[in-house]
There are 2 protein chains.
Amino acid sequence: MVTARNTRRDVVAAAGRLFAERGYHGTSMRDLGKELGLLGSSLYSHVSSKQDLLVDVVEEGARLFEASAEKALAAEGSASDRLEALISGHIDVVVDNIEVARTFLNEARMLDLEHRSRVIGARDHYEAAFRTVIAEGIAEGDFRGDVDHKTASIFILSILNAIERWYRPTGALDRDALVAELWGFTRSALG
Amino acid sequence: MVTARNTRRDVVAAAGRLFAERGYHGTSMRDLGKELGLLGSSLYSHVSSKQDLLVDVVEEGARLFEASAEKALAAEGSASDRLEALISGHIDVVVDNIEVARTFLNEARMLDLEHRSRVIGARDHYEAAFRTVIAEGIAEGDFRGDVDHKTASIFILSILNAIERWYRPTGALDRDALVAELWGFTRSALG
DNA sequence: CCTACCGATCGGTAGG
DNA sequence: CCTACCGATCGGTAGG
């Protein structure tokens, strides 16, 4: 075999790349075909619609974040340790899957109602992990008693979700430094 | 006069609304016409292209944020006071101009290269205000000596720029409470 | 602001 | 995965 044909996975990966760069509505099936070296119409042997591709990319994003949270919550240690693990895991997901993360964060609203509702549910569930851990940290005395765990979780997630907007793998701040900076900022804000 | 005709301002305002909701590429000129009660083709007596509308909305956003920063920096008091004014002013801009702010934050990347560069420049200039004030606060002893003013300004702006994603005017957290929460969080993180 | 269009492009299908 | 299409919609124009 000299040149392998594209698989569905290839198509979904390329879709993630283009949706992240140009947006869902800014990407045509012909654009996507060109990215893979084939015609737009040929994509329909891999997927049944353009929306299908968005569903696949966004649900992959949801799975990655959910898996990260599950792992962080299962870790030993204090609530403060688990919050650090949540932050570190989130940064890993974004850094290692930047196109999927960007599409998940910016293009999920282009999903049809049914799928969008599912994603919003997953997002709420993920945010609840942060909220709970912060509340536990307050109860355990790791964090100040006068912080509002709801607002604090929104603020921390805001920082995490914005990373895709400025993070560059070749930049001055690498993954470890970013985790350290953000955890320092957060610890200080909550402590 | 019974029913006034639409002005260019009306058209730009409606464009901001739709671009914020559905994205630039998700909004057609016919959609926009319908929003205003006229045909898509009639919009061309007010603007010369769809891109023109995006330019107008985004540059209005840039002006609002720049004016807010200018006012905050001119205020009396310590660097810490000026940072609080920057945060409070930013929240005002978002809360009072949510569609413009959303379009500015999410759709500026759909601008053609020339205008996009200008917006990126304005954005950098705005971020520099935060960076400088934080650096001054460190120098004045208002903030801890071990915070990195670059990273801290990115983190604070991340929180500010995410407000459009979750803030609801009818929600539990009103403008004043939001300013108080965020300023408390920030002071604690930096102090 | 409407009528009446234009060429280009869109997502998608049938059949191989 | 390509050929050869389809109807719908796109941004935009001429002329009133």
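Bear in mind the structure is a predicted one, so any value in this text is a computation, not a measurement. Every chain is numbered from 1, with letters handed out A, B, ... down the list of sequences.
C:dC1 atom P lies 14 Å from atom CZ of B:Arg8, rounded to whole Å. Atoms NZ (A:Lys34) and C1' (D:dC2) sit 16 Å apart, rounded to a whole Å.
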Intra- and inter-strand pairing of DNA chain C, written as dot-bracket with Watson-Crick and G-U pairs under 3.5 Å and | for the latter, reads ||||||||||||||||
Once base and sugar-phosphate atoms are separated, protein heavy atoms under 4.0 Å mark nucleotides 8-15 of chain C, 5' to 3', with B, S and - as --BBBB--
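A cation-pi arrangement is found for A:Arg123 relative to A:Phe104, the charged atom lying closer than 6.0 Å to the ring centre and inside a 45° cone about the ring normal.
In this structure, B:Phe185 and A:Phe155 have perpendicular ring planes: the angle between them is above 60°, well past the 30° mark. Taking the six-membered ring for Trp and thresholds of 30 and 60 degrees, A:Tyr24 and A:Phe19 have ring planes more than 60 degrees apart, a perpendicular arrangement.
A:Leu39 comes within 4.0 angstrom of a nucleotide base, judged by non-hydrogen atoms across all strands.
B:Asn106 and B:Glu164 share a donor-acceptor pair across their side chains, judged by distance under 3.5 Å alone.
Remark: A:Glu136 pairs with A:Arg82 by the salt bridge (Lys or Arg N to Asp or Glu O under 4.0 Å) rule, at least two apart or across chains.
Among B:Lys50, B:Arg9, B:Arg8, the one residue that satisfies the salt bridge (Lys or Arg N to Asp or Glu O under 4.0 Å) test with B:Asp56 is B:Arg8.
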Please step through side chain to side chain donor-acceptor pair (under 3.5 Å) for the pair B:Arg144 and A:Ser188, ending with a clear verdict.
-> CA-CA 10 Å; B:Arg144 276 189 291 119; A:Ser188 172; 3.2 Å; yes
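Under the 6.0 Å cut-off for aromatic ring centres, A:His90 and A:Tyr126 qualify, their centroids lying closer than that.
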